[in-house]
Amino acid sequence: MARVLVLGAGFAGLWAALGAARKRDEIGPLAKDTEILVIDRNAYHNIRVRNYEVDLGDVALPLQDLLDPVGVRHRVADVTAIDPAKREVVVKTGSGADTLTYDRLVLTTGSELVRPAISGLAAHGFDVDTFEAATRLNTHLAALGRQPPSPARATVAVVGAGFTGIEVAAEMPAKLAHAGIAGDHRIILIDPNPVVGATFGAHGRPVISEALAALGVETRLNVRVSAVGADSITLDSGEIIPAATVVWCAGMRASPLAAVLPVKRDALGRIPVDHCMRVEGLNGVFAAGDVAACLIDGEHPTVMSCQFARPMGRFAGHNVVADLFGEPLLPLNIDWYVTVLDLGAWGALYTTGWDREVRTTGAAAKLTKQTINQQRIYPPRDGDRAALFAAAAPTIQKAPPTRK
């Protein structure tokens, strides 16, 4: 019996598994005994891009509800080693280590937050990189809500003024209110760059600045963090800010498992793949999502986002089974790129193209963001096999529609 091993159940991994199951079903009797096995450290699929939100009640979807209906096995374990020469993967569980063999491998272990060795960050910092971390932050804020008022209690420092940091800062007034921290508060966005949202360019940055000002978010730019304490954050400018909550959002890097494979990696640690999601130079190995980099339109590399991870996963899943049975592979090409940045109660910012031209802002863009976060990126959850297969088809969605 052949085995397709999918490492990771994030946006790329989930859709790779569903895409592989769809292709297995399409091939029919010849492929019916092929095992598709997903390995992830969690028993759920995290809608990771929603981890900054107030309500986390619908962002962890049990894998059994998504994979069991299509006959995909899943196992909770940590991947500790990959040997592409032997076609083996070593996983670790609470009961010990195990070696799994594979005929085809799909690496979809995603990305992780870069955590520098700053004094006190590991002990006192928070983040929203994972569902577990986001839950920990909400629990912390709820505990602060039960404490007596103080400057540190009502102050949140968000480090990193990129996409995630901006969304965290913009959502924080609502999170504080939900935690019972009413009245005056301070939200401070910190970044070593001279501007907020450096990658948004001249078109989007004024919109972001307007929204943050309206939300009362302060900024500290051209500075770095020197230390994090239980009730303060120290900047290299010498400023010490009383803050019981420091949320680290400063930078992402591909999963460390990318470094295990004997291939070159880009500046973000990602593995180069072709348009069929094959890892260059490694037979039988595919990769998709944040751990992989593809010149998706022949010019621009994919961005670490679910916008690319989901189609990369669907095509990787289709192609890995097609490759196993000698069928033609389908190349993935995406000729559009958008960003929809949540700006909390102010609204959102919707940009199009790699130069990020502003399409809509405020309440109209917020409707688009809500459609994406609450509908577009979710798999079918009614257990319907046909619906799951339909959603996993190797096709490209159109850009999100403009809402009014």
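None of the values given here were measured: they were computed from a predicted structure.
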Donor-acceptor pair between Arg153 and Thr245 side chains, under 3.5 angstrom | no
Would one find more than 12 heavy atoms of other residues, nucleotides or ligands at under 6.0 Å from atom CZ of Arg3?
-> yes
Quick check: does any side chain N or O of Arg314 sit under 3.5 Å from a backbone N or O of Thr395, one acting as donor and the other as acceptor?
-> yes
How close do Glu171 and Val54 get, heavy atom to heavy atom, and via which atoms?
-> OE2-N, 3.2 Å
Nearest 0.5 Å, what's the CE-CZ distance between Met277 and Phe286?
-> 10.0 Å
Under 3.5 Å, is there a donor-acceptor pair between the Arg41 and Thr130 side chains?
-> no
Heavy atoms from other residues, nucleotides or ligands near NE2 of His178 exceed 12 (cutoff 6.0 Å) | no
Taking Glu357 for the side chain and His203 for the main chain, is one N or O donor matched with an acceptor at less than 3.5 Å?
-> no
Can a salt bridge be assigned to the pair Lys366 and Asp342 using a cut-off of 4.0 Å between side-chain N and carboxylate O?
-> yes
Give a yes or no on whether a salt bridge exists between Asp103 and Arg87, defined as a side-chain N under 4.0 angstrom from a carboxylate O.
-> no
Assess whether salt bridge (Lys or Arg N to Asp or Glu O under 4.0 Å) is satisfied between Arg220 and Asp236, documenting all intermediate values.
-> CA-CA 11 Å; Arg220 298 292 188 277; Asp236 63 4; over 6 Å; no
Walk me through it: do Ser111 and Arg48 pass the test side-chain hydrogen bond (donor to acceptor under 3.5 Å, both in side chains)?
-> CA-CA 11 Å; Ser111 59; Arg48 188 185 189 190; 3.2 Å; yes
Would you say the ring centroid of His275 lies under 6.0 angstrom from that of Phe315?
-> no
Below 4.0 angstrom, N of the basic side chain to O of the carboxylate: do Glu112 and Arg253 qualify?
-> no
Given the rule in the side-chain contact (heavy atoms from CB on, under 4.5 Å) test, do Val89 and Thr99 qualify, once you have shown the distances and angles that lead to the verdict?
-> CA-CA 6 Å; Val89 171; Thr99 299; over 6 Å; no
Give a yes or no on whether the backbone of Ala393 and the side-chain of Lys23 come within a donor-acceptor separation of less than 3.5 Å.
-> no
For residues Asp231 and Ala244, report the shortest heavy-atom separation together with the two atoms involved.
-> OD1-CB, 3.9 Å
Taking the side chain as every heavy atom from C-beta outward, state whether His318 and Glu327 have any atom pair closer than 4.5 Å.
-> no
Rounded to the nearest 0.5 Å, how far apart are CD1 of Ile296 and CD1 of Ile334?
-> 4.5 Å
Which distance, rounded to the nearest 0.5 Å, do you find between the CG of Leu332 and the CG of Leu330?
-> 9.5 Å
Does any donor atom in the side chain of Asn222 or Asn193 lie under 3.5 Å from an acceptor atom in the other side chain?
-> no
Mind listing the closest non-hydrogen atom pair of Ala31 and Arg24 along with its distance?
-> O-CG, 3.3 Å
Non-hydrogen side-chain atoms of Thr155 and His185 separated by less than 4.5 Å | no
Any chance CZ of Arg265 has more than 12 other-residue heavy atoms, nucleotides or ligands included, within less than 6.0 Å?
-> yes
Nearest heavy-atom neighbours spanning Arg356 and Thr199 = NH1-OG1, 3.2 Å
Tell me, yes or no, whether the heavy-atom count around Asp184 atom CG, taken from other residues, nucleotides or ligands under 6.0 Å, exceeds 12.
-> no
Evaluate the side-chain proximity of Leu66 to Arg381: yes if any heavy-atom separation is below 4.5 Å, no if none is.
-> yes
For Ala2, does its backbone N or O pair with a side-chain atom of Tyr102 as donor and acceptor, under 3.5 Å?
-> no
Where do Asp297 and Asn333 land on the side-chain hydrogen bond (donor to acceptor under 3.5 Å, both in side chains) test, with the steps shown first?
-> CA-CA 6 Å; Asp297 59 357; Asn333 294 279; over 6 Å; no
Quick check: does any side chain N or O of Ser232 sit under 3.5 Å from a backbone N or O of Ala243, one acting as donor and the other as acceptor?
-> no
In this structure, OG1 of Thr302 is separated from OH of Tyr337 (nearest 0.5 Å) by 10.5 Å
Sub-4.5 Å side-chain heavy-atom contact between Leu324 and Val4 = yes
What class does the angle between the rings of His45 and Phe11 fall in, given that below 30° is parallel, 30 to 60° is tilted and above 60° is perpendicular?
-> perpendicular
Using side chain to side chain contact (heavy atoms under 4.5 Å, CB included) as the criterion, list what pairs up with Ser237, not counting sequence neighbours.
-> Val223, Leu235, Glu239
Decide salt bridge (Lys or Arg N to Asp or Glu O under 4.0 Å) for Asp323 and Arg104; before the verdict, give the C-alpha distance in whole Å, the side-chain angles of both, and the deciding distance to 0.1 Å.
-> CA-CA 9 Å; Asp323 184 58; Arg104 295 292 186 275; 2.7 Å; yes
When rounded to the nearest 0.5 angstrom, what is the spacing between CH2 in Trp248 and CG in Leu113?
-> 8.5 Å
Determine, stepwise, if the pair Val91 / Leu100 fulfils side-chain contact (heavy atoms from CB on, under 4.5 Å).
-> CA-CA 8 Å; Val91 301; Leu100 304 174; 4.0 Å; yes
Carboxylate-amine/guanidinium contact Arg75 Asp98, below 4.0 Å | yes
More than 12 heavy atoms of other residues, nucleotides or ligands under 6.0 Å from CD of Glu132: is that the case?
-> no
Measure across Asp40 and Ala9 and return the closest heavy-atom pair with its distance rounded to 0.1 Å.
-> OD2-N, 2.7 Å
Answer yes or no: is there a donor N or O on one side and an acceptor on the other, between the side chain of Arg73 and the main chain of Leu37, under 3.5 Å?
-> no
Listed by chain and number, what are the salt bridge (Lys or Arg N to Asp or Glu O under 4.0 Å) partners of Arg115, not counting sequence neighbours?
-> Asp127
Backbone N or O of Pro401 within a donor-acceptor pair of the Thr368 side chain at under 3.5 Å?
-> yes
Ile271 versus Leu261: any side-chain heavy-atom pair under 4.5 Å?
-> yes
Check: Ser95 main-chain N/O paired with Thr93 side-chain donor or acceptor under 3.5 Å | yes
Given side chains that start at C-beta, do those of Ile190 and Ile233 come closer than 4.5 Å, heavy atoms only?
-> yes
To the nearest 0.5 Å, atom CG of Asp78 lies from atom CG of Leu7 at 11.5 Å
Checking side-chain contact (heavy atoms from CB on, under 4.5 Å) for the pair Glu167/Leu341: CA distance, chi angles, key distance, verdict?
-> CA-CA 7 Å; Glu167 291 196 325; Leu341 178 72; 3.5 Å; yes
Ignoring hydrogens and geometry, is there a side-chain-to-backbone donor-acceptor pair from Trp354 to Trp336 under 3.5 Å?
-> no
Looking only at non-hydrogen atoms, find the nearest pair between Ile166 and Ala161 and report the distance.
-> CD1-O, 3.6 Å
Regarding Arg50 and Tyr378, is there a side-chain donor-to-acceptor distance under 3.5 Å anywhere?
-> yes
Determine whether Val263 and Val279 make a side-chain contact, defined as any pair of heavy atoms from C-beta on separated by less than 4.5 Å.
-> yes
Is there a side-chain contact between Arg359 and Thr351 (heavy atoms, below 4.5 Å)?
-> no
Would you say the side chains of Gln374 and Asp58 form a donor-acceptor pair under 3.5 Å?
-> no
Using the test salt bridge (Lys or Arg N to Asp or Glu O under 4.0 Å), find all partners of Asp68 that sit at least two apart in sequence or belong to another chain.
-> none
